[in-house]
Amino acid sequence: MRGKFAYSIAMLLMMVLGFGSRAFADQLPLFISRHFGDALWAAMIYFAFRVLLTRQQRWISVVLSFGFSFGIEFSQLYQEIWINELRATLLGGLILGKGFLWIDLIRYSAGILFSYVADRFGFARIRANRKG
């Protein structure tokens with residue numbers, strides 16, 4: 001249960017940081033405002049899969065995160081009225097995005113891989129310290 005709680009906190013932290021990177025974009029360095037939002041979104045997806053799959057190996061969450069994130073990005077190539085109207089809503093835009101960008105695939109990859117490394121080495125070290 002502690003694992004699910006820790007992953008839930010990490011997921012919520014990624015959401016807050018992601019919203020913050022959008023809300024305060026004009027006050028952040030250009031590199032951060034351009035790239036961190038998508039990386040944080042993908043990190044949130046990774047931690048969401050960890051919440052759901054706490055007892056599974058981490059690589060499964062990595063693969064599912066890549067599949068989900070890349071799937072959402074490639075779905076943006078589909079431009080029909082009904083889905084564009086859905087994307088025009090706040091929630092639809094946050095989940096489905098607005099338009100396909102190749103650079104987003106790199107941003108997602110960075111977010112997922114950073115989250116995996118933090119999970120693999122950071123959370124493992126925290127757990128080890130609690131036991132010792």
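Throughout, numbering of the chain's residues begins at 1 and tracks the sequence.
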**Item:** Same apolar cluster: Trp59 and Tyr116, side chain cutoff 4.5 Å
**Value:** yes
**Shortest non-hydrogen separation from Leu105 to Phe74 and the atoms involved** = CD1-CZ, 3.9 Å
**Asked** Is there side-chain contact between Phe47 and Val51, with at least one heavy-atom pair below 4.5 Å?
**Response** no
**Message:** So, taking the atom named OG in Ser115 and the one named CZ in Phe49, what distance separates them when rounded to the nearest 0.5 Å?
**Reply:** 13.0 Å
**Message:** Taking the ring of Tyr108 and the ring of Phe66, is the distance between their centroids below 6.0 Å?
**Reply:** no
**Prompt:** In Å, rounded to the nearest 0.5 Å, how long is the span from CE of Met11 to CG of Leu52?
**Reply:** 8.5 Å
**Request:** Measure the shortest side-chain to side-chain distance between Val117 and Leu113 over non-hydrogen atoms and say whether it is less than 4.5 angstrom.
**Result:** no
**Request:** Flag the pair Val62 / Ile112 as yes when at least one side-chain heavy-atom distance between them is below 4.5 Å, and no otherwise.
**Result:** yes
**Request:** Specify the closest pair of heavy atoms between Tyr46 and Asp119, including all atoms of both residues, with the distance to one decimal.
**Result:** OH-OD2, 2.5 Å
**Request:** Please report the shortest heavy-atom distance between Phe68 and Ile45, naming the atom on each side.
**Result:** CE2-CD1, 3.6 Å
**Prompt:** With the 4.5 Å side-chain cut-off for hydrophobic clustering, are Phe114 and Val63 part of the same group?
**Reply:** no
**Item:** Least distance between heavy atoms, Phe70 atom then Ser109 atom
**Value:** CZ-OG, 3.6 Å
**Side-chain (Arg50) to main-chain (Leu53) donor-acceptor, under 3.5 angstrom** = yes
**Request:** Verify the neighbour count for atom CZ of Phe100: are there more than 12 heavy atoms of other residues, nucleotides or ligands below 6.0 Å?
**Result:** yes
**Student check: side-chain heavy atoms of Asn84 and Ile81 closer than 4.5 Å** = no
**Item:** Asp104/Lys98 salt bridge by N-O under 4.0 Å criterion
**Value:** no
**Prompt:** Between Ser21 and Gly18, which heavy-atom pair has the shortest distance, and what is it?
**Reply:** OG-O, 2.7 Å
**Item:** Contact check, side chains of Asp38 and Ile103, non-hydrogen atoms, under 4.5 Å
**Value:** no
**Message:** According to a hydrophobic-cluster definition based on side-chain heavy atoms being under 4.5 Å apart (Ile, Leu, Val, Met, Phe, Trp, Tyr only), do Leu30 and Phe36 belong together?
**Reply:** no
**Request:** Carefully, step by step, assess Glu73 and Leu101 under the rule side chain to side chain contact (heavy atoms under 4.5 Å, CB included).
**Result:** CA-CA 8 Å; Glu73 190 64 27; Leu101 294 172; 4.2 Å; yes
**Message:** Is it the case that atom CG in Leu77 sees more than 12 heavy atoms from other parts of the structure closer than 6.0 Å?
**Reply:** yes
**Request:** Following the transitive rule for hydrophobic clusters with a side-chain heavy-atom cut-off under 4.5 Å over Ile, Leu, Val, Met, Phe, Trp and Tyr, establish whether Phe24 and Trp41 coincide in one cluster.
**Result:** no
**side chain to side chain donor-acceptor pair (under 3.5 Å) evaluation trace for Glu80 with Trp82** = CA-CA 6 Å; Glu80 290 296 327; Trp82 72 270; 5.8 Å; no
**Joint hydrophobic cluster, Trp102 plus Ile106, side-chain heavy atoms closer than 4.5 Å** = no
**Prompt:** Are any non-hydrogen side-chain atoms of Arg87 and Gln79 less than 4.5 angstrom apart?
**Reply:** yes
**Request:** Side-chain contact test, heavy atoms from C-beta onward, threshold under 4.5 Å: evaluate it for Leu17 versus Met44 and give yes or no.
**Result:** no
**Request:** Report yes if some heavy atom in the side chain of Ile72 is under 4.5 Å from a heavy atom in the side chain of Ser69; otherwise report no.
**Result:** no
